[in-house]
Asks: 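Handing you a structure now.
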Amino acid sequence: MPLIEWTAELSVGIESIDEQHKKLVNMINALNDAMLTNSSNELLGKIFTGLAAYTQKHFAYEENMFAEYGYTDSEEHKRQHNELIAQVVELKEKFIENPQGTMSADLMLFLKRWLTNHIMRTDKEYAEFLLSKGVK
Ligand SMILES: [Fe+2]
Ligand SMILES: [Fe+2]
C-alpha cells in the first residue's frame with residue numbers, strides 16, 4: 001500500500017492542480033518505497049531533490065493563478081508556501097549531509113502531513129475561489 005493514497009478528499013476540483021498534486025503524492029510515495037527497499041542513497045537523494053524542485057514549481061504555478069484571478073488571500077498562502085519550501089529544502093540538505101541518520105518512518109509521516117494538510121486545508125480555500133471564477 002502506498003504511503004499516501006489518492007482519494008477524492010485530496011481533490012480540489014481543478015484538473016491541472018489535481019494532476020500536480022498527484023505528482024507530488026507519487027514522489028513522496030516513491031521516496032517511501034525507495035527507503036523501505038533499502039535503495040541507494042544516490043537514488044533517495046535524486047527523488048528527494050526532485051520533490052523539492054517540483055514543490056517549488058507547483059507553488060509558483062499556484063501563485064501565478066492567484067495573480068491572474070486576483071485571489072485575495074494570496075499573501076497568507078504564499079507565506080505558507082515559503083515555509084513549506086524551507087522545510088523540504090532543509091530536510092533534503094540534511095539527508096544529503098547525513099543519509100543514514102535522516103531517512104525514517106517519522107520523516108515520511110512528516111512529509112505525508114506536510115503535503116496533505118496543505119492541500120486539504122489551504123489549497124481548498126483558493127480552489128473554491130478559482131472555481132467560482134470559472135476555472136476548471
Ligand atoms: Fe498545491
Ligand atoms: Fe498551495
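Each ligand, and each atom within it, is numbered from 1 in the order the structure gives.
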Asks: In Asp123, what N, O or S atom is nearest to the Fe ion (ligand 1), if we give its atom name?
Replies: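 Of all N, O or S atoms belonging to Asp123, OD2 is the one nearest the Fe ion (ligand 1).
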
Asks: Establish, from distance only, whether the side-chain atoms of Tyr61 and Ser16 form a donor-acceptor pair under 3.5 Å.
Replies: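 Short answer, yes.
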
Asks: If you define the side chain from C-beta out and look only at heavy atoms, does anything of Leu24 sit under 4.5 Å from Trp114?
Replies: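 Side-chain contact under 4.5 Å: no.
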
Asks: Among the N, O or S atoms of Glu62, which one sits nearest to the Fe ion (ligand 1)?
Replies: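 Of all N, O or S atoms in Glu62, the Fe ion (ligand 1) lies closest to OE2.
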
Asks: So, His77 and the Fe ion (ligand 2): N/O/S under 2.8 Å, yes or no?
Replies: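 So His77 counts as coordinating the Fe ion (ligand 2), yes.
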
Asks: Examine all N, O or S atoms of His118, backbone included, and report whether one is under 2.8 Å from the Fe ion (ligand 1).
Replies: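 Checking His118: none of its N, O or S atoms is under 2.8 Å.
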
Asks: Between Tyr71 and Phe66, how do the two ring planes meet: parallel, tilted or perpendicular, split at 30° and 60°?
Replies: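 Tyr71 and Phe66: tilted rings.
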
Asks: In terms of ring plane angle, is the pair His118 and His77 parallel, tilted or perpendicular, where the classes change at 30° and 60°?
Replies: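 His118 and His77: perpendicular rings.
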
